[in-house]
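The sequence lines fix the lettering, A, B, ..., with proteins before strands; numbering per chain opens at 1. Note that the coordinates shown come from a computational prediction; the quantities given were computed from them, not determined experimentally. The analysis underlying the following values was restricted to heavy atoms, covering all of them including side chains, and did not include hydrogens, waters or symmetry mates.
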Protein chains: 2
Amino acid sequence: MLTFSEENYLKTIFHLEQIHSNGVSTNALSKEMETKASSVTDMIKKLSEKKLINYKKYKGFKLSQFGMETAIAIIRKHRLWEVFLVEKLNFSWDEVHEVAEQLEHIKSEKLTNKLDAFLAYPKIDPHGDPIPNKDGNFPKISKMLFSECQVGDEGTFIGVKDSSSIFLQFLDKNNIYLNAKVKIIQKEAFDLSLKIEINNNTIMVSHKTASNLYLQS
Amino acid sequence: MLTFSEENYLKTIFHLEQIHSNGVSTNALSKEMETKASSVTDMIKKLSEKKLINYKKYKGFKLSQFGMETAIAIIRKHRLWEVFLVEKLNFSWDEVHEVAEQLEHIKSEKLTNKLDAFLAYPKIDPHGDPIPNKDGNFPKISKMLFSECQVGDEGTFIGVKDSSSIFLQFLDKNNIYLNAKVKIIQKEAFDLSLKIEINNNTIMVSHKTASNLYLQS
DNA sequence: AATAAAATTTAGTCTAATCTAAAAATATGT
DNA sequence: ACATATTTTTAGATTAGACTAAATTTTATT
Ligand SMILES: [Mn+2]
Ligand SMILES: [Mn+2]
Ligand SMILES: [Mn+2]
Ligand SMILES: [Mn+2]
């Protein structure tokens, strides 16, 4: 049985592997977990002991098949609970992440699968992230950050990179909603800000904002 | 912020105070928590430090007002989650306690209150126990163990004392359901077993069983 | 009231998860 | 290539929650 801490490390390693596909470093993980590198080394040894990761001293680490499955199971729970909170309990999308951080650690496969059924097997969470099914499979959604788009690109706003409350509330305030139709109108060379057309409104978004919004074309 | 362990102690102290209304002893708590007395002493000191209980060395302890409110809030969550699992996710009444033991520790008042609303403010949990409202109030249900009844007593089976899976499954198997109409037909002096009429069936129940079933007359 | 028994507390150990400071290994720049 | 910087690991400390064994306090019995 894994501890909450072990589960949180696994989840974070999983996310880091999406970016650093050739293995994760101690420092990268310590930064993401907001702990000291020495604490990471300790935990890494435990996870390695438990066959959840493959680790060679000084050489970084990667999730094992078992570690991968475990991480995905936690992410599945996190996202299903987020859907529950929004769809059934009327939470707003900026309030759910924190609570889901707790709920993701509840240990009952039966609960997870019954919750999945109760929610009618949702495919994406309130922030546009895909929800793994019972077997751990989920589609890789092809998407692109607004900041990486070219002028003239168009498509649908399908997800956020940053799920923090402050960012999501900022989007609400500016009427930037999931599934809105978007077109990149103009890009300022000076500050990389974008002029976009979203739901027939033309607005400016900063580079920082644009690099946290995903477009699907 | 309380740890899971502190919360579990508080809850257990609360339950013990229902029986030992003049204060709880270290040994009684250690027995109930399935820990050693010395571990209880350690925890008691922490809870006392945090003003959750009133404690005098060697003299036992009692929940403070604050400790009482905290304990009731945890019990509220436990029972609400049990209702959710049975009513919404189709768990059976013998499967929910274990999962609720985990869910009761989720920290979000908003979640608790929204869950309460979603469930339409239930008054009792799947085992017949009352659910405290947002302010911590709940009715003291007048009830009596079958084993304490006299021949001729009648009423409704409204709750169980033991919520263990094994006991609840045993009740299911013998068609003993919550809210059944019950009449005590006969009591054997030899082994204190009872002959009862329940839903127009006449069955025998052992003293052990009878001392885990509550009747409301 | 003295002694024996039971209950409770204290002292010291262990594990998990964190930290700081120091040492060791690896990577980088000229 | 070698000195320096960076990264990673090790060593030692701390806190929470458990344990065992021993000491202390309270309760019960003669
Ligand atoms: Mn989230
Ligand atoms: Mn988490
Ligand atoms: Mn229960
Ligand atoms: Mn619990």
Starting at atom CE of M33(B), determine the distance to atom C1' of dC19(D), rounded to an integer number of angstrom. 15 Å

Quick note, K36(A) side chain, CB onward, closest among dT9(D), dG17(D), dT20(C) is dT20(C)

Return yes if the base of dT20(D) and the side-chain atoms of S38(B) contain a donor-acceptor N/O pair under 3.5 Å, otherwise no. yes

Taking the side chain of M43(A) as its heavy atoms from C-beta onward, which of dA17(C), dT9(D), dT9(C) lies nearest to it? dA17(C)

Under 4.0 Å, counting only non-hydrogen atoms across every strand here, what does K31(B) touch: a base, just sugar-phosphate, or nothing? nothing

Counting side-chain heavy atoms from CB outward, which of dG17(D), dA17(C), dT8(D) is closest to A37(A)? dT8(D)

Check: H105(B) main-chain N/O paired with K107(B) side-chain donor or acceptor under 3.5 Å: yes

Ignoring backbone atoms, test whether Y58(B) places a side-chain nitrogen or oxygen under 4.0 Å from the OP1 or OP2 oxygen of dA23(D). no

Let me know the distance between CD1 of I44(B) and P of dT10(C), rounded to the nearest Å. 13 Å

Please state how far atom NZ in K59(B) lies from atom C1' in dT25(D), giving the value in whole angstrom units. 8 Å

May I ask you to check whether H127(A) and H97(A) show a side-chain donor-acceptor distance below 3.5 Å? no

Are E104(A) and K11(A) within salt-bridge range, i.e. N to O under 4.0 Å? yes

How long is the line joining CG of N27(B) and P of dA5(C), in whole Å? 17 Å

Would you indicate what Y9(A) reaches in the nucleic acid, counting non-hydrogen atoms under 4.0 angstrom: base, sugar-phosphate, or nothing? sugar-phosphate

Select one nucleotide: of dA16(C), dC19(C), dT8(C), the one nearest the side-chain heavy atoms of S39(A). dC19(C)

Interatomic distance where CG belongs to D42(B) and P belongs to dC19(D) [whole Å]: 10 Å

Over how many whole Å does the gap from N8(B) atom CG to dA18(D) atom P extend? 9 Å

To the nearest angstrom, the OH-P distance between Y55(A) and dA25(C) comes to 13 Å

Answer yes if the side chains of S206(A) and T209(A) hold a donor-acceptor pair under 3.5 Å, and no otherwise. yes

Counting just side-chain N and O atoms, does T35(A) come under 4.0 Å of either OP1 or OP2 of dA17(C)? no

Under 4.0 Å between any heavy atoms, over every strand shown, what does K45(A) touch: base, sugar-phosphate, or nothing? Just pick one. sugar-phosphate

For S5(B), report the nucleic acid contact type (base, sugar-phosphate, nothing); a contact means any heavy atom under 4.0 Å. sugar-phosphate

Of the options dT8(C), dG17(D), dT10(C), whose atoms approach the side-chain atoms of K46(B) most closely? dG17(D)

Atom CG of L2(B) and atom P of dG17(D) are separated, to the nearest Å, by 10 Å

Donor-acceptor pair under 3.5 Å: do we get one between S25(B)'s side chain and the base of dT8(C)? no

Check this for me, if you would: do K77(B) and E82(B) make a salt bridge, where the nitrogen-to-carboxylate-oxygen distance has to be below 4.0 angstrom? no

Salt-bridge present (K134(A), E109(A); N to O < 4.0 Å): no

